[in-house]
*Asks:* 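Once you've had a glance at the structure underneath, I'll fire off some questions.
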Amino acid sequence: MANSHQLKRVDFIFRNENDWERVLSNTIKKKPQELINELISSELKGRGGAGFPTGLKWKLTSEAPDGQKYVICNADEGEPGTFKDREILSKVPYKVLTAMAVCGYVAGANQGYIYLRGEYKFLKPELEKAIDEFEYYCKEINLDFKITIFMGSGAYICGEETALMESMEGKRGEPRNKPPFPSQAGYLGKPTVINNVETLVHTFTIFKYGSKKFYDLGVQYSRGTKLFSVSGDTPKPGIYELELGMSLQDFVYEFGDGDTKAVQVGGASGFLVPRKKFKDAAIGFKGKLTGISLPTGGSMMLFNSSRSMFNVLDNYLEFFREESCGQCTPCRVGCQQLLLGIKAVKRGDKPASYLEKLLRLTETMQYTAKCGLGQSVANSFSSIVENFREEMIY
Amino acid sequence: MDPIQTLIKDLANKHGRTKESLLPIMQGVVERESYLSERSMVEIAREMDIPAADVYGTATFYSFLETKPTGKYIIRVCKTITCAMKGKTQVLFAIQEMLKIKMGETTPDKRFTLLETNCLGWCHKAPAMLINDNVYTELTPEKVREILSGYMKQNGINQN
């Protein structure tokens, strides 16, 4: 690596390991409490983007009253710029299945689901084959655990955990009010653990190598590694496993094309960081004391100076307007008005000061929208409008 | 029983008749018929013993469950940011020119429907599109013409 010392490539997730059977049978010899403690001390946080501590999630579901419980693997990867889960499911499906079964063992669930987005239907036959083999082995070791694939049908919002459950229940994918959280009342009202595909693979690593190995990577509050989906103006687009906590400057040294103007971290619902702020930004979860800390589901989109940031924002808003479930007013009307608003400013039908009004609207959406979709529109909107105001107007 | 009734009955027998089976059943119909007609939706409601409005409500939420007639092959071109940056527009022009239809339309022979869709998850190999469940990436106008001719030949249709 040329200029970078902080950016470290790691190889855990795609490492070819053919010992999932041994990992599974060894892991379920331990007590559930022991495994929960292992996860908690690893400080693994959810890799879908929200970053909830995984150990705590498992713990809460395991403590819910006995009865039917579920494990769901969230493979409804829809955030623009993210494509890591597809790669995991096609390259190392057994790690995901093993982690789901261990999760079932810990939480007291005997049924698992993989909610696979409709766009990835081509993965289904291979995945079903893997599940067959996996379930056969479970039977051999007397582990009562079944896995079923549930296909999505093209709705970004179904990646939101409660919308996903509504969808599985045959309804429109409209997010629920929280609480209750899925750990108390999830799929069909039963306690449910729902984890992102990548999160599950990290638990496999932790159960195989111990929590220390994972904890030793990354920085405070952001332990371990993360898969990054790199796209846009870069000479090497693709999927990379990197240690958390790297500075965005180092990232751009490694992946930029020499003319990087801005990086969108975390997809359309994430933040745009302009060149002048690269050195202050670190990729990790909140809690870092200095600089900007950017949590991310791993989507990294690079833009060089040939790109119009107006077009970028226009594209995101169009995306949100279409993908908003329409259930709550702030998001449904907000997304439409933001899109109309920036176009009006660009055309000159509205004065530049109208942008301030729109910024206040995103603030309102942040506080009043029901779910993460409407709340996070403010992230990309404000970070683009504030940093590239001229491009919005002229 | 007509073919639609038989299909829906078979799907309900396979997936069950509780509400959780609604999406799998609708997906099964779309797989065979390429879209959900009013008739199919009413039939699903009857078979599952739920209000037809519920079936319609769920169906219209999902972009991959078409409720209007479509062609045998649904082309979905990704329009999200990276694909837009990497030449999606030229790819679309090539498709429109070749099939002589506009966005959202179906060819008169009912073989192809052209749609746009949101992020397909192939940003590192943009631009990308789906034809039914098959993925095509790193598209160029030339490449897309080749792919489409493949589909046309498959059906014994000559170009020109």
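Keep in mind that what you see is a predicted model, and the values were worked out from it rather than measured. Chain naming here is simple, since letters A, B, ... match the order of the sequence lines and numbering starts at 1 in each. Keep in mind that the numbers below use all heavy atoms, side chains included, and drop hydrogens, waters and symmetry copies.
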*Asks:* Name the region of B/Glu31, side chain, backbone, both or neither, that has any atom closer than 4.5 Å to a heavy atom of chain A.
*Replies:* side chain

*Asks:* Taking the side chain as every heavy atom from C-beta outward, state whether B/Phe61 and A/Ser167 have any pair of such atoms under 4.5 Å apart.
*Replies:*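 No, too far: nothing below the 4.5 Å cut-off.
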
*Asks:* Relative to the ring of A/Phe83, is the ring of B/His124 parallel (under 30°), tilted (30 to 60°) or perpendicular (over 60°)?
*Replies:* parallel

*Asks:* Mind checking the CD-CG spacing from A/Glu323 to B/Asn118? Nearest 0.5 Å is all I need.
*Replies:* 4.5 Å

*Asks:* Flag the pair A/Glu119 / B/Trp122 as yes when at least one side-chain heavy-atom distance between them is below 4.5 Å, and no otherwise.
*Replies:* no

*Asks:* For A/Glu322, is it the side chain, the backbone, both, or neither that has a heavy atom closer than 4.5 Å to a heavy atom of chain B?
*Replies:*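 For A/Glu322, side-chain heavy atoms alone lie under 4.5 Å from chain B.
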
*Asks:* What do you reckon, is NZ of A/Lys236 surrounded by more than 12 foreign heavy atoms closer than 6.0 Å?
*Replies:* yes

*Asks:* Below 4.5 Å, heavy-atom pairs only: which of A/Met301, A/Lys84, A/Glu77, A/Met151 has the largest tally toward chain B?
*Replies:*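 Ranked by contacts with chain B, first place is A/Met151.
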
*Asks:* If I measure from the heavy atoms of chain A, does B/Lys79 come under 4.5 Å with its side chain, its backbone, both, or neither?
*Replies:* both

*Asks:* Just so I understand: if I count every heavy-atom pair under 4.5 Å between each of B/Leu120, B/Asn134, B/Leu22 and chain A, which residue has the most?
*Replies:* B/Leu120

*Asks:* With rounding to the nearest 0.5 angstrom, report the CG to CE distance, A/Asn304 to B/Met85.
*Replies:*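 That separation rounds to 7.0 Å.
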
*Asks:* Is it the side chain or the backbone of A/Cys158 that comes within 4.5 Å of chain B heavy atoms, both, or neither?
*Replies:*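 Side chain of A/Cys158 only, per the 4.5 Å heavy-atom cut-off to chain B.
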
*Asks:* Between atom OH of A/Tyr156 and atom OG1 of B/Thr80, what is the distance when rounded to the nearest 0.5 Å?
*Replies:*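 Atom-to-atom, A/Tyr156:OH and B/Thr80:OG1 are 10.5 Å apart.
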
*Asks:* Side chain, backbone, both or neither: which part of B/Leu130 has a non-hydrogen atom closer than 4.5 Å to chain A?
*Replies:*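 Side chain only.
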
*Asks:* Identify which part of A/Asp233 has an atom lying under 4.5 Å from any heavy atom of chain B, answering side chain, backbone, both or neither.
*Replies:*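 For A/Asp233, backbone and side chain are both near chain B.
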
*Asks:* Out of curiosity, B/Lys86 NZ to A/Ser231 OG, how far, rounded to the nearest 0.5 Å?
*Replies:* 8.0 Å

*Asks:* Would you give the length of the straight line joining atom CZ of A/Arg172 to atom OG1 of B/Thr58, rounded to the nearest 0.5 angstrom?
*Replies:*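 It is 7.5 Å, given to the nearest 0.5 Å.
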
*Asks:* For the atom pair CE (A/Met168) and NZ (B/Lys19), what is the distance rounded to the nearest 0.5 Å?
*Replies:* 14.0 Å

*Asks:* If we define contacts as heavy-atom pairs under 4.5 Å, which of B/Val55, B/Val30, B/Ile81, B/Thr82 has the most with chain A?
*Replies:*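 It is B/Ile81.
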
*Asks:* Are more than 12 heavy atoms, taken from residues, nucleotides or ligands other than A/Phe122, located less than 6.0 Å from that residue's CZ atom?
*Replies:* yes

